[in-house]
Amino acid sequence: MGSFCTLSINSATPLIMLIMLQSLTMNVTGWTAAHATFYGGSDASQTMGGACGYGNLYSNGYGTKTAALSTALFNDGQICGACFQIICDASKVPQWCLPGSRSIIVTATNFCPPNNALPNDNGGWCNVPLQHFDMSQPAFLQIAQYKAGIVPVLYRRVPCKKKVGVRFTINGHDYFELVLISNVGGRGDVKAAWIKGSNSSEWEPMKRNWGANWQSNSYLNGQSLSFRVTISSGKTLTMYNVAPANWQFGQTFAASQQFR
């Protein structure tokens, strides 16, 4: 019985190291290496608008936890609304990462354009084919120090969690509806969208105009509007009578449903 319990520390060390290595490997599975910088000022006021078209990120529910993505990630706006969990890679820059392996979840709301006049490793952070997050300053400071400027990070896609329904902002004019689809849960990024006026039984496919803005070329004035949205996971929601018949251009309406 004594010999059964006498495993020395030296003989156990390789086994312990193997277990630790396996645990570390499991922890980073599903994460991808990238880099992150920041922009927009201490209050993120300069991140408003952007290539996704969300406008005022405060009033539209995105706050300061946002990022502009490089060409390799932005995918011509198809990634707008997606959520990413980001951690500073302390294994590479422990002096710049905040202690405790902190992470933050940000939403893709803007595009970080390439700067081909600068090298990829010295100012051209968003050049092709680099995967890069230009985070709002408040978001960046939750994982790294201000003085770092740029840090290596690990990221992964995560579900977007929303408290209220999908939102539809109707812009445009007669025979042209430009609908901003925002506050989308689940995968967050919209793959396809349809619109239907109350005078029709047919769903009209909409086309992505730019960012998170989808276009219809029908005359829908004076009709209540219903929407059907498919996100990149393949899930679809049909939301009836989101906008009443007396809707006006420039108004925003929230559906009662949300992706989970």
Side-chain angles (χ1 to χ4, degrees), residues 48-63 65-66 69 74-84 105 107-111 157-260:
M48 300 298 114
C52 288
Y54 292 127
N56 188 317
L57 299 177
Y58 299 149
S59 61
N60 280 325
Y62 297 104
K65 295 181 179 180
T66 62
L69 277 57
F74 192 67
N75 196 19
D76 292 327
Q78 295 183 47
I79 201 66
C80 287
C83 294
F84 296 85
I105 295 176
T107 304
T109 59
N110 203 355
F111 173 55
R157 286 284 298 271
V158 294
C160 300
K161 298 180 180 179
K162 305 296 182 181
K163 295 182 179 179
V164 296
V166 180
R167 292 174 180 164
F168 301 87
T169 301
I170 308 169
N171 294 303
H173 53 78
D174 296 349
Y175 293 99
F176 176 73
E177 294 79 27
L178 189 65
V179 181
L180 171 66
I181 305 176
S182 62
N183 199 56
V184 181
R187 290 286 286 181
D189 49 336
V190 176
K191 180 180 180 181
W194 295 259
I195 191 171
K196 188 177 77 68
S198 54
N199 292 346
S200 174
S201 60
E202 301 293 328
W203 287 93
E204 177 196 346
M206 303 177 73
K207 295 182 179 180
R208 188 189 303 274
N209 186 293
W210 65 278
N213 288 280
W214 293 76
Q215 175 182 335
S216 163
N217 293 323
S218 296
Y219 184 81
L220 299 172
N221 298 36
Q223 303 177 55
S224 62
L225 302 180
S226 300
F227 297 94
R228 179 174 289 165
V229 174
T230 298
I231 56 177
S232 62
S233 64
K235 292 183 178 179
T236 299
L237 280 181
T238 300
M239 294 157 276
Y240 290 100
N241 301 316
V242 176
N246 62 347
W247 62 268
Q248 299 292 320
F249 289 108
Q251 290 183 313
T252 298
F253 301 93
S256 59
Q257 297 119 293
Q258 182 58 271
F259 292 95
R260 304 299 177 189

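Counted within 6.0 Å of NZ on Lys65, heavy atoms from surrounding residues, nucleotides or ligands total 12 or fewer; the atom is thus considered open.
Identified under the side chain to side chain donor-acceptor pair (under 3.5 Å) test for residues 251-260, with sequence neighbours left out: Thr169-Thr252.
Pairing each heavy atom of Trp203 with each of Phe227, the nearest pair is CZ3-C, 3.5 Å. The nearest pair of heavy atoms linking Leu180 to Cys52 is CD1-O, 4.1 Å. Cys83 and Ile105 make their closest contact through CB-CG2, 4.1 Å (heavy atoms, listed as atom of the first residue, atom of the second, distance). Taking both residues in full, the closest heavy atoms of Ala243 and Ile170 are given as CB-CD1, 4.1 Å, listed atom of the first, atom of the second, then distance. Here the closest heavy-atom approach between residue Glu204 and residue Asn217 is recorded as OE2-N, 3.4 Å. A pairwise comparison of heavy atoms in Cys160 and Gly188 identifies SG-CA, 3.9 Å as the closest pair.
By the 4.5 Å heavy-atom criterion applied to side chains, Leu225 and Val242 are not counted as neighbours. In this structure the side chain of Phe259 reaches within 4.5 angstrom of the side chain of Val229, judged on heavy atoms. Counting heavy atoms from C-beta outward, Asp189 and Arg157 have side chains that approach closer than 4.5 Å. The closest side-chain heavy-atom distance from Asn183 to Tyr54 is not below 4.5 Å. Looking only at side-chain heavy atoms (C-beta outward), Arg208 and Gln78 come within less than 4.5 Å of each other.
Annotation: the span from Ser182 atom OG to Asn213 atom CG amounts to 9.5 Å, rounded to 0.5 Å. The distance from the CG atom of Asn221 to the CG atom of Asn246 is 12.0 Å, given to the nearest 0.5 Å. With rounding to the nearest 0.5 angstrom, the CZ atom of Arg228 is 5.5 Å from the OH atom of Tyr240. Once rounded to the nearest 0.5 Å, the distance linking SG of Cys80 with CZ of Phe111 reads 10.5 Å. The structure places CE of Met48 at 9.5 Å from CG of Asn60, a figure rounded to the nearest 0.5 Å. Taken from OG in Ser216 to CZ in Phe176, the straight-line distance is 9.0 Å, to the nearest 0.5 Å.
Under the ring-ring contact (aromatic ring centres under 6.0 Å, His included) criterion, Tyr58 pairs with no residue, sequence neighbours left out.
Taking the six-membered ring where tryptophan is involved, the planes of Trp247 and Phe249 are perpendicular, since the angle between them exceeds 60° and thus also 30°.
Looking only at distances, a side-chain donor or acceptor of Asn110 sits under 3.5 Å from a matching main-chain atom of Ala51. Counting only distance, with no hydrogens or angles, the side chain of Tyr62 and the backbone of Ala108 share no donor-acceptor pair below 3.5 Å. The closest donor-acceptor contact from the side chain of Asn56 to the backbone of Ser59 lies under 3.5 Å.
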Which atom pairs, donor and acceptor, lie under 3.5 Å between side-chain atoms of residues 190-199 and protein residues at least two apart or in another chain?
from, atom 1, to, atom 2, distance (Å)
Lys196, NZ, Ser200, O, 3.2
Ser198, OG, Ser224, N, 3.2
Ser198, OG, Ser224, OG, 3.4

TODO: Decide side-chain contact (heavy atoms from CB on, under 4.5 Å) for Phe253 and Asn241; before the verdict, give the C-alpha distance in whole Å, the side-chain angles of both, and the deciding distance to 0.1 Å.
DONE: CA-CA 10 Å; Phe253 301 93; Asn241 301 316; over 6 Å; no
